[in-house]
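Chain naming here is simple, since letters A, B, ... match the order of the sequence lines and numbering starts at 1 in each.
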Number of protein chains: 2
Amino acid sequence: MARTRRPRIFDRDEALLQAMMLFWEQGYEATSLLQLRADMGNISAASFYAAFESKEALFKEAVEQYMGTFGRVTESLADLTLTPREAIETTLRRTAKMQTDSDHPNGCLIVLSASTCSSKNNHIREIVAEKRKQIRSHLHDCIQRAIDVGEIPSSIDVSMLTTVFDTFMHGISTQARDGVPFATIDRAITEVMGIWELFKHSA
Amino acid sequence: MARTRRPRIFDRDEALLQAMMLFWEQGYEATSLLQLRADMGNISAASFYAAFESKEALFKEAVEQYMGTFGRVTESLADLTLTPREAIETTLRRTAKMQTDSDHPNGCLIVLSASTCSSKNNHIREIVAEKRKQIRSHLHDCIQRAIDVGEIPSSIDVSMLTTVFDTFMHGISTQARDGVPFATIDRAITEVMGIWELFKHSA
DNA sequence: TAACTTCTGGATCGATTAGTATATAATTAA
DNA sequence: TTAATTATATACTAATCGATCCAGAAGTTA
């Protein structure tokens with residue numbers, strides 16, 4: 001049975017998208033409700049809280065929105081149709097491409113939007129830190145798979161190699177924010193992937 | 001001739017140090033004057049503005065303080081007594097060591113304290129972005145030197161290789177914030193430096 | 001049309017923001 | 001001692017923060 005109600009005057013999905021863009025550009029704390037409401041379609045405070053509950057709830061939703069769209073560039077890590085090396089290389093290149101795209105803020109929302117915050121908002125930092133943890137876990141699994149299928153020697157320290165690529169991947173955010181062009185980062189990725197060749201000499 | 005005055009009740013250097021620690025931990029915008037004044041020795045608002053002029057001026061001073069102390073780990077890049085490879089490796093290891101030290105906030109103040117901010121404070125982001133630009137420039141010069149002395153082939157794209165190490169170096173901040181131990185990052189650095197060996201095979 | 005539900009505009013909440021005004025305390029030089 | 005100078009504590013400013021309240025508008029169902 002359809003509920004009786006006055007229809008919402010703004011598009012909730014579009015409003016969420018704009019909110020995500022703002023959080024991506026400015027970070028959680030630096031983005032004010034006033035600015036959010038303006039960019040979300042000049043909606044009133046009452047409409048905002050009725051539709052999104054709170055700034056924190058909106059941020060959580062924006063993070064999920066990001067993970068389900070732009071953030072999907074890391075999904076290649078779990079793509080079993082690719083070799084582990086291809087999975088990592090594809091993830092890095094897609095990450096660099098996405099983060100330098102001029103259609104949206106540069107860098108990664110998960111890395112940048114709550115890298116620091118006031119002590120009272122440490123739970124906000126946890127929200128994105130948890131996402132980073134998940135991605136690191138996928139990277140870890142991918143490298144473990146490389147050992148399992150014999151692509152790299154089993155003597156390799158998985159945590160160490162996970163850290164190599166995880167560190168590089170996170171560093172891309174700052175490069176993108178600082179205006180380093182995609183082509184340069186892409187060539188750097190080629191060089192970094194060369195690490196994989198070293199195992200053949202060491203094995 | 002000595003000026004006549006009432007002596008300051010707090011230690012300015014110590015107050016600046018505490019301010020730097022707060023900006024390091026929480027970032028520029030998330031750190032309030034109230035908290036700053038409390039950590040700087042419970043100084044009054046009047047005393048604060050008399051001694052430091054404004055929050056922005058204090059931040060600039062804190063950034064310089066950081067660059068002159070903890071930030072000096074990157075000075076190895078310009079150390080001509082080291083080979084270029086040694087200079088980069090030393091810088092990375094010292095960076096990782098410093099940023100994971102439990103005596104102070106983890107990660108790098110230059111990378112974390114103003115990675116994002118509200119649009120009205122973009123000039124604050126510029127302050128630290130400029131420091132990153134300088135470090136990147138030193139890295140660039142170091143790699144150019146490697147070519148000049150014949151350590152790596154002149155066919156190497158200097159900007160590309162600069163990006164490899166600059167990206168990795170910036171990524172260390174997030175790793176350190178996420179609690180990855182020094183030992184793991186240090187072993188990852190060994191692996192990344194292996195890139196240098198690839199040139200011998202490609203040359 | 002009347003009853004019901006939901007959304008919206010506008011005023012407003014208390015708390016906090018960075019920064020300032022003023023009066024007084026503490027020092028040194030004359 | 002007195003004048004000059006600087007730092008202090010206290011109170012305060014206007015603006016903004018995230019969030020709430022309420023009256024009324026806009027829709028659906030009976």
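Centroid-to-centroid, the aromatic rings of A:Phe168 and B:Phe168 stay 6.0 Å apart or farther.
Across its full length, the helix from C:dT1-D:dA30 to C:dA30-D:dT1 shows an angle of 0° between the axes of its 5 terminal pairs at either end, rounded to 10 degrees.
At least one cation-pi condition fails for A:Lys55 and A:Phe23: the charged atom is not both under 6.0 angstrom from the six-membered ring centre and inside a 45 degree cone around its axis. Annotation: cation-pi pair A:Arg8/A:Phe10 present, NZ/CZ under 6.0 Å from the ring centroid and within 45° of its normal.
Across all strands, B:Ile43 comes closer than 4.0 Å to no nucleic acid atom at all (heavy-atom distances).
Look at CZ on B:Arg8: it is 10 Å from C1' on D:dT6, rounded to the nearest Å. Atom CG of B:Asp11 and atom P of D:dT8 are 12 Å apart (whole Å). Atom CD1 in A:Ile9 sits about 12 Å away from atom C1' in D:dG27, given to the nearest Å. We find that CD of A:Gln26 is positioned 11 Å from P of D:dC17, with the value rounded to whole Å.
Taking B:Thr83 as the reference, B:Arg85, B:Glu86, B:Glu151 meet the side-chain contact (heavy atoms from CB on, under 4.5 Å) condition, with sequence neighbours excluded. Take A:Glu25 and apply the salt bridge (charged side-chain N to carboxylate O under 4.0 Å, His left out) test, not counting sequence neighbours, and it matches B:Arg125. With sequence neighbours left out, B:Ser44 forms a side-chain contact (heavy atoms from CB on, under 4.5 Å) with B:Ala46, B:Ser47. By the salt bridge (charged side-chain N to carboxylate O under 4.0 Å, His left out) test, A:Lys60 is found to be paired with A:Glu56, residues two or more places apart in sequence or in another chain being considered.
Look at B:Ser44 and you'll find a side-chain N or O under 4.0 angstrom from OP1 or OP2 of D:dA9. Applying the 4.0 Å criterion to OP1 and OP2 of D:dA7, one finds that B:Ser47 has every side-chain N and O outside that range.
A donor-acceptor contact shorter than 3.5 Å links the side chain of B:Arg12 to the backbone of B:Ala51.
Taking the side chain of B:Phe10 as heavy atoms from C-beta on, and the options C:dT27, C:dT8, D:dT8, the nearest nucleotide is D:dT8.
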Produce a footprint string for nucleotides 14-24 of chain C: one letter per nucleotide, 5' end first; B if the base is under 4.0 Å from any protein heavy atom, S if only the sugar-phosphate is, - if neither.
-> ---SSBBB---
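Taking OG1 of A:Thr163 as the start and CD of B:Glu191 as the end, the distance is 11.0 Å to the nearest 0.5 Å.
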